[in-house]
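Everything below concerns the one structure shown next.
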Amino acid sequence: MTESHAYHPDRLLPVDPTTRDIARRLLNHVEDLPIISPHGHLDAQMFVDDAAFPDPTELIISPDHYVTRVLHSAGIPLSDLRVGSTEGTSPREAWRIFCENWSLYAGTASGYWLEQEFAHVFSIDPGRLNAEEADAVYDELQSVLAQPDFRPRALADSFGLEVLATTDDPLDDLEAHAKLAADPSFSPRVLPTFRPDAYTKMYNPGFAENVTRLIDTAGDGKTGFAGYLEAMRNRRQYFIDHGATSSDHGTHDAWAHPLDDAEADRILHKGLRGEATREEAYAFEGNMTYRFAEMATEDGLTMTIHPGVWRNSSRSALEKYGPDTGHDIPFQMDFINGLQPLLSDFGENPDFHLVLFTIDETTFSRELAPMAGYYPSVYVGAPWWFIDEVDAIARFRASTTGTTGFSRYSGFIDDTRAYCSIPVRHNTARRVEAGYLARLVAEHRISEDRAADAIVDLIDASPRRVFKL
Amino acid sequence: MTESHAYHPDRLLPVDPTTRDIARRLLNHVEDLPIISPHGHLDAQMFVDDAAFPDPTELIISPDHYVTRVLHSAGIPLSDLRVGSTEGTSPREAWRIFCENWSLYAGTASGYWLEQEFAHVFSIDPGRLNAEEADAVYDELQSVLAQPDFRPRALADSFGLEVLATTDDPLDDLEAHAKLAADPSFSPRVLPTFRPDAYTKMYNPGFAENVTRLIDTAGDGKTGFAGYLEAMRNRRQYFIDHGATSSDHGTHDAWAHPLDDAEADRILHKGLRGEATREEAYAFEGNMTYRFAEMATEDGLTMTIHPGVWRNSSRSALEKYGPDTGHDIPFQMDFINGLQPLLSDFGENPDFHLVLFTIDETTFSRELAPMAGYYPSVYVGAPWWFIDEVDAIARFRASTTGTTGFSRYSGFIDDTRAYCSIPVRHNTARRVEAGYLARLVAEHRISEDRAADAIVDLIDASPRRVFKL
Amino acid sequence: MTESHAYHPDRLLPVDPTTRDIARRLLNHVEDLPIISPHGHLDAQMFVDDAAFPDPTELIISPDHYVTRVLHSAGIPLSDLRVGSTEGTSPREAWRIFCENWSLYAGTASGYWLEQEFAHVFSIDPGRLNAEEADAVYDELQSVLAQPDFRPRALADSFGLEVLATTDDPLDDLEAHAKLAADPSFSPRVLPTFRPDAYTKMYNPGFAENVTRLIDTAGDGKTGFAGYLEAMRNRRQYFIDHGATSSDHGTHDAWAHPLDDAEADRILHKGLRGEATREEAYAFEGNMTYRFAEMATEDGLTMTIHPGVWRNSSRSALEKYGPDTGHDIPFQMDFINGLQPLLSDFGENPDFHLVLFTIDETTFSRELAPMAGYYPSVYVGAPWWFIDEVDAIARFRASTTGTTGFSRYSGFIDDTRAYCSIPVRHNTARRVEAGYLARLVAEHRISEDRAADAIVDLIDASPRRVFKL
């Protein structure tokens, strides 16, 4: 039997022999650099507890909606995959469903990462992901997970994890982060990220309760919009004191037009009573995008925004399975009309770092690269969500470099809930970058020396610079 | 003299030798599979009559607005090509114009297909398409068309045609389809497709007459919107009884928000009196997109929609040459805002098949692949109209596969009025798929075995599955 | 030391050896053809004066906002680059900043052109652009610029410049153009272009003064909108008498819906009083786009439009540095809804030439190619601004050719203020075209003979045909 393609040393590199040779040399400069992950969705407590992962399904399938959505599209109810509920199907049964349907993943980003994860993290041949071997693989993986080398902290070492940012509620006490920072036996920096979405979207459930609690807890006795702003400032400072270097904003769209405080206060009170119109809610959210930028120019947090997604788009699926279960769908974006006031007021400030993520590729050459190629504050975020896959990363690079070069890039962002996929995701990005740069060299557009500098900068220096690490 | 490139066995395959070798092997698995054409615009009566095609111009030029628009863009009036009127220019004269201007087609999709058609269907060297040989080729092709082997039924055999769907008015009696189904000497399945556009767009001429006739004929005595819905259901059933497996909808945009029946009835009456506003007309159309989806969950017809085109955009050309003469121009699309209610109510149903076609490539990675990669009902339609050409098919594949893999694809759709182009269009798609998959194999992203399974699934199993053939 | 990649004879050509060989042969047909530049931003007076360029910074850095924006994005104030003001930094100091930051340009369009310019125009190895050699290169370039061979007229000869169009205010007396036309010692044709934007955008400062002067000067005594139209017609004729073959329009968007004259007159008067709403201003501008098309059908000027850019988007940068300093940002475009009335009335006229430029790549396959592939009046403009770089030109070609072939192209447009970049920009386009066509040949989609005809047509015949040169 031949070995799986997943082990091939030239995987993802260009096929043309000249270009591939260059790409190999470029990859050598970065393949073993430490991992810097300035945005993601792991739980810091995982490293405090350092417990063994319970089972393969809980590790790989149920919490990763990129994995479950593929099976769901084939007609498998998410509940069979232990999403929304753990009753009904056992972990082993869910695993069998996954293995039986493994061919659905061919060509997908998740399929590639999973194969790489099996091959390079768990040392299990991904060629064995099929109905016949489902149980054997399950048992084998279960026993791998029981080994001390596969607990979260040990994996952090073997992954070469240097920095990992989590995403946290503004009122989180960040106790886990504090413990990790104080623990001399744990070397990675695990940093919180200030994510205030639950306090800015009055069209979502829980807004009034959240905001009331925020103002009561952190508003220094002020009330209304003044208390709201004060509380936000205070909690940002609390995050900074616990190591945060960035805030993250999943805004509806890129609207960032300021309101005067009286108008913001009026809408806030309507929102607290559940009476704000959709237009008012968006105006309030857009005002806050502007205000958070203003705060960032004062407290120095890097600001990341990723607008343009209809969250939980299926009413029926939301009822059945809950939020974040795979039916967030992007819509078309406009950046410049939304961001113009923010950029006019803060855009020229090189100490303000604004990273723009998108799932709408059309904005790369049309808006993001032109903005990042002018404003010292603006960085183009790495391709994200559905477009953080091989061909899309290559398109991203080809769509932005002509305008921005290599210096306006956020660095690679894995944005993942799937811990064991982190090294393979970063490795994927490094290979795609090597392939892109190799093409520029092979076409005599840049020298190989310059390309070698560029790839090290992209992989290592960019995220440190942009996220102030 | 060297042979035309049109005969080269490696045409359209990747140039890189490693990738090309893989592509050749993959192509071998599918190049000779039967043709399944689940959507197109031929007339079923053609196979009943089985008459010889009258002349080269009538076969290849006049009815194909993709062919005539190229000449029109060069300043040739469509009337010189026997479009809108057969007076003035003779078929031979129109043919000469075509041959004199053959170089305009270089690089176009139509140019490639026509060359392939000459080379592989008519066995005429396409290198002879020029002013000097126009008459000789005309005569030679005329004599080819007179041969029994080039009548519609004989061609169906030589093309390997297994399934061909036509596109039909809801009130069509489908007599031709019935005759073909009852004819044991004719093996292809020729299936009708329910296309109700003329009854849903109150902004188009003829709406009131059409709808009145529909309700009178098939409404079971009911009137107003109730009669309208009843008639639609009845006619769908009539189509199903005559072999239909799908309905097709050239909607204005992707709006599919339901109205309550009283509102729909109110607008319908305004529309019948010619008094509906443009907004009401679109609301009515969007309601019907929703209602047809609802019906599809009951009667099982696969539903295909292809929104986002300004039909007959030139007022002056519409007056001079009539509709469908090449000036339908796409506009930018939004899918998720339009389809959200429909998908919330029916999207989770795997027995409901909704195929989304577009001519706006920007929606592939942004909306269509994310939707099809989650909803078990949603399939991404093959590139269509202006984008069913070599490079665009490759872009389509690279824009969707990372999110959806290969299982959410409609299968290739030729959508053509040009009968003799059918085999070459399908061959084109097979070659492009082979090239794409070969690249994934050469980059060690999937195994060649998996790629071989995938290409057979794409070409053969997908259309059968999606269109319930 | 190895020679810079900038000298490599195969630069920009495809890496695959088969394709590269074809590309080399195709390039040979066009690499040395004269330069036809039907749209740009040089000053005709430069050729009248024929003075030496003052210094490297004034020639290469300060006036080229594509060059300065890259440095600005790295946090360098534009004022340090002698933008907006020549106080503070000396030319030599600005040059040092440029050289110290040269690595920022790696991979950018400007970086490639600058390297080419150093290598092939100034014969200075671009590998010397660094902090250490900044002063030496400055001095060397200074002495190059002092040579008679590097004055504007001598350079025009060495560039092979045959036609160069400038962009001019409607009230310009075009004296420089007249002098050049009358000078038998100067062979290039330097043609004015009618650019009336300052008279159509009532939302911009100076509108009232400009229009008042226009009507007073050229309105033949008529007043109001009648005088305005008359003056436009008169000035167009004046331009035509001075050699102009085109008018150019940087419209807000593609809106081209006519107003009746009374309404236009009403809005014009509001605009002259500074009281027009933004909606009225856009309606007036859209009316004028329509009216200029109407005039073009009468006087024969080719009409070029390039909508969809937010000019001077940063309020603060506009105050600090002035207009046209790099913060013009594109937004998403819709062409067909805007142009439909214009195309319905004038689109079928092959003598009317309408060139559509865009910075929104999404419109290429969706709208521009479908329009240009039908309307004999419509041509797809070459990629422009941020997208006139190597990869974007390749995407443009791959996105339009399947629909339009090669005959509906404007020809390459350099659109530049940077005189010495003209030959390298045209050379870049020729190489990218050769690469694209070579791929079609290598994939057996067209014959090499056909490709050779096509590239000569693209480079030489297209701009002559489209701009009526």
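These numbers come from the heavy atoms of this one structure, side chains and all, not from hydrogens, waters or symmetry mates. So that the names make sense, note that chain A is the first sequence line, chain B the second, and so on, each numbered from 1.
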Which pair of non-hydrogen atoms, one from [X] and one from [Y], has the smallest distance, and what is that distance?
X      : Y      : result
C:A398 : B:E389 : O-OE2, 4.0 Å
C:D16  : B:P17  : OD1-CD, 4.3 Å
B:T325 : C:Y374 : O-CE1, 3.6 Å

Any [X] side-chain heavy atom under 4.5 Å of [Y] side chain:
X      : Y      : answer
B:V15  : C:P14  : no
C:T403 : B:Y66  : no
B:R69  : C:Y375 : no
B:S313 : C:I336 : yes
B:F386 : C:P370 : yes

Is it the backbone or the side chain of [X] that comes under 4.5 Å from a heavy atom of chain C, or both, or neither?
X      : value
B:L12  : both
B:L78  : side chain
B:E115 : side chain
B:L13  : backbone
B:A317 : both
B:R431 : neither
B:T362 : side chain

Is a side-chain N or O of B:R315 found less than 3.5 angstrom from the main chain of C:Q340, in a donor-acceptor match?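 Not a single qualifying donor-acceptor pair exists.
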Interatomic distance, B:Q332 atom CD to C:F335 atom CZ [nearest 0.5 angstrom]: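 Going from CD on B:Q332 over to CZ on C:F335, the span is 11.0 Å.
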Hey, what do you get for OG (B:S4) to CZ (C:R450), rounding to the nearest 0.5 Å?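 The CZ atom of C:R450 is 10.0 Å from OG of B:S4, to the nearest 0.5 Å.
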Just give me the residue among [options] that pairs up with chain B most often, heavy atom to heavy atom, under 4.5 Å.
options                        : result
C:E443, C:R439, C:E367, C:R366 : C:R366
C:P376, C:P341, C:G347, C:S365 : C:P376
C:G405, C:P350, C:S344         : C:S344
C:S399, C:S377, C:A454, C:A451 : C:S399

Cut-off 3.5 Å, side chains only: do C:S407 and B:Y105 have a donor facing an acceptor?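 Short answer, no.
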Taking atom types as modelled, find out whether B:S316 and C:E348 have a side-chain donor-acceptor pair closer than 3.5 angstrom.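 Looking only at side-chain atoms, C:E348 and B:S316 do not form any donor-acceptor pair under 3.5 Å.
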Check whether [X] gets within reach of chain B through its side chain, its backbone, both or neither, counting any heavy atom under 4.5 Å.
X      : value
C:S447 : both
C:N337 : both
C:I446 : both
C:F346 : neither

What I want to find out is whether B:D391 reaches C:R445 closely enough, with some N-O distance under 4.0 Å, to be called a salt bridge.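 Result for this pair is yes, salt bridge flagged.
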Determine the interplanar angle of the B:H8 and C:H444 rings, folded into 0 to 90°, and report it as parallel if under 30°, tilted if 30 to 60°, perpendicular if over 60°.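 Answer is parallel, since the angle falls under 30°.
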